[in-house]
Amino acid sequence: MLYNFRMDNYELAETFDRIADLMEIKGEVVYKFLAYRRAAENLRSLAESAQAMREQNRLQEIPGVGKAIAEKITELLDTGKLEFLERLEQEVPPTLRDLLQVPDLGPKKAALFWKQAGITTLGELEAAAQGGQLRGLPGMGEKSETRILEGIQAVKRRSTRMLLSTARGVANRWLAWLREQPGVERAEAAGSLRRWKATIGDIDLVAACTRPAEVMAAFAAAPGILRVVGQGENKCSVELPDGIRMQLWLQPPERFGSLLQFVSGSKDHNVRLRELAQRKGLSLSERGFIEESTGREILCAREEEVYATLGLPYIVPELREDRGEIQAAQAGRLPRLIEIADITADLHSHSDWSDGANTILQMAEAARAQGRKALAITDHTGSLGIANGLTVERLRAQRKAIDEAQAVLGDSIRLLQGAEVEIHADGGMDYPDEVLAELDIVIASLHVSLRQPREVITPRLLGVMRNPHVDIIGHLSGRLLPNREGADLDMDIVLSAARETGVALEINANPTRLDLDEVYARRAGEMGILMSINTDAHDKTWFEQAEYGVSVARRAWLSPENIITAWSPEKLLGWLAERNERAKK
DNA sequence: GCCGTTTTCGGCCCGACTGTTTTCAGTCG
């Protein structure tokens with residue numbers, strides 16, 4: 001079997017972003033570096049490996065990749081280097097990219113500091129600003145200098161992107177505050193938060209408001225705001241104490257739909273919409289449409305009207321990533337996306353038999369309260385000592401406990417006994433096949449030796465997928481958001497194996513996992529692979545997190561048919577019974 | 001550098017806000 005050891009899509013994308021930044025600082029033609037950035041973005045949302053596409057001579061099928069970029073991808077895959085980039089880095093010091101992290105500091109100023117003051121690093125910039133050496137440069141004054149110093153401090157405060165769940169918590173508190181302000185008729189979170197991206201950079205809030213000046217003043221002065229970065233009539237940008245950036249946008253109610261649409265993004269989605277508007281002789285902004293021939297305004301109080309004016313059906317925020325949703329909308333081919341109300345089952349949960357906080361009965365009652373009709377108790381297995389994993393003896397004793405709980409619950413919710421079986425570093429599993437055969441459902445998960453090289457960890461997982469007793473692979477990559485990367489699996493091979501074996505892949509709903517991610521979940525859906533949205537609940541309150549798993553599935557364009565935990569309990573149990581039957585043969 | 005139900009060549013999005021400016025460039029989302 002051939003493993004891809006070469007640069008993956010993500011590394012390729014990083015390389016092209018690097019090129020784009022340096023070209024922009026260098027002062028290249030706008031559309032050149034934009035082309036590199038677009039190619040980078042599309043590589044990130046590409047689930048097939050560029051390596052495989054290259055072998056089939058299909059690189060130019062990637063949107064935004066033409067002859068020139070395809071050649072560069074090929075060179076990078078073949079040699080791991082790019083002469084073009086090396087020459088560029090001779091011309092433009094690569095450390096200048098760090099300057100772009102500073103708010104309000106873009107390529108033009110970076111170039112100015114470099115060319116006129118010899119500054120090439122963030123440290124040199126800070127020293128120069130402290131020494132008052134920037135204010136003499138063209139277009140720079142004392143205020144700019146202060147702003148840059150503040151910006152450098154903000155960069156140091158803000159370590160990483162936030163978890164989606166963290167951002168939602170912060171946003172909801174501020175929305176509650178906003179909705180109490182006089183003149184505010186509606187307030188919503190927008191931006192990547194509303195699109196349910198797995199991690200969030202800044203928080204964007206929008207409000208329909210008849211008294212903007214007062215609301216803006218109150219917002220800027222509200223307790224809990226570290227400093228105001230910028231403030232105008234329609235927009236205010238602040239920093240919270242933990243380095244979080246937050247923007248508030250205001251428009252009168254009759255323009256609220258346009259505002260909400262605009263701030264929800266994504267940027268690329270909006271660019272496509274504005275191109276579409278132009279072709280209809282319209283100019284589109286957060287204030288509404290303007291008919292270019294007459295100057296007449298078209299106001300949209302509701303977001304649906306923005307899309308309707310462009311002749312499109314409504315596109316939900318989760319799809320707005322310029323990944324084909326506008327073309328699909330034009331063709332009337334938007335998918336019937338899965339919703340939280342579709343979720344009938346949870347096939348991954350832990351009780352106090354291993355490292356869960358609650359009893360089997362408490363877990364079942366909590367799952368039932370969230371509308372689940374089936375719940376699998378899947379405690380950890382023996383070797384995961386830290387999680388109080390079950391020995392075979394305790395596993396068998398637990399079956400009795402589950403039966404007792406089932407007797408209490410009646411037919412209000414169906415309990416299944418499963419296990420989250422540990423995959424050893426050598427690919428072996430914690431329970432022998434005859435024990436696995438006793439279980440209603442088997443999840444196999446990687447927890448240890450996640451850093452094995454691709455050519456080791458991929459076959460390690462493959463062996464497990466081919467075990468006929470295994471029904472679901474739990475949190476495939478093992479990533480932990482926002483910082484720990486997942487295992488270096490060869491996903492082309494893993495997805496093919498899932499298709500062959502019929503094993504379902506979990507979409508783990510825990511906000512620190514969201515694993516499968518949306519890119520591979522979408523590809524899996526296209527390949528006909530089944531997925532299972534599970535909360536991995538270790539506490540009865542965690543069942544509420546199913547909506548995060550649903551958000552991944554929605555961003556992956558998935559429908560209820562793709563998701564076994566959205567099937568009727570009868571269909572799900574039938575699927576399990578069929579697999580167990582086949583495993584016996 | 002990419003791309004085509006306006007184009008294989010000539011296009012490629014829009015407004016708010018800031019700081020430095022006497023009319024605008026840079027940055028951001």
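Chain A is the first sequence line, chain B the second, and so forth, proteins listed ahead of strands; every chain is numbered from 1.
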What verdict does the side-chain hydrogen bond (donor to acceptor under 3.5 Å, both in side chains) test give for T120(A) and E124(A), after you've listed the backbone C-alpha separation in whole Å, the side-chain angles of each residue and the deciding distance to 0.1 Å?
CA-CA 7 Å; T120(A) 57; E124(A) 288 167 11; 3.3 Å; yes
Is there side-chain contact between V238(A) and R227(A), with heavy atoms separated by less than 4.5 Å?
no
Paired with dT8(B): which nucleotide, if any, by Watson-Crick or G-U wobble criteria at under 3.5 Å for both distances?
none
Over 60° means perpendicular and under 30° means parallel, so classify the ring planes of Y36(A) and F84(A), tilted if in between.
parallel
Could you tell me how the ring of F219(A) sits relative to the ring of W177(A): parallel (under 30°), tilted (30 to 60°) or perpendicular (over 60°)?
tilted
Please classify the nucleic acid contact of [X] as base, sugar-phosphate, or nothing, using heavy-atom distances under 4.0 Å.
X	value
L284(A)	sugar-phosphate
R38(A)	nothing
D202(A)	sugar-phosphate

Using a cut-off of less than 4.0 Å, is there contact between a side-chain N or O of [X] and OP1 or OP2 of [N]?
X	N	answer
K32(A)	dG1(B)	yes
Y31(A)	dG1(B)	no
R147(A)	dT18(B)	no
S144(A)	dT20(B)	yes

Spacing between E233(A) atom CD and dT18(B) atom P, to the nearest angstrom:
11 Å
With DNA chain B as reference, determine whether Q231(A) or Q278(A) sits nearer its 5' end, using the nearest nucleotide of each.
Q278(A)
Nearest-nucleotide check on DNA chain B, P107(A) vs A68(A); residue mapping nearer the 5' end is A68(A)
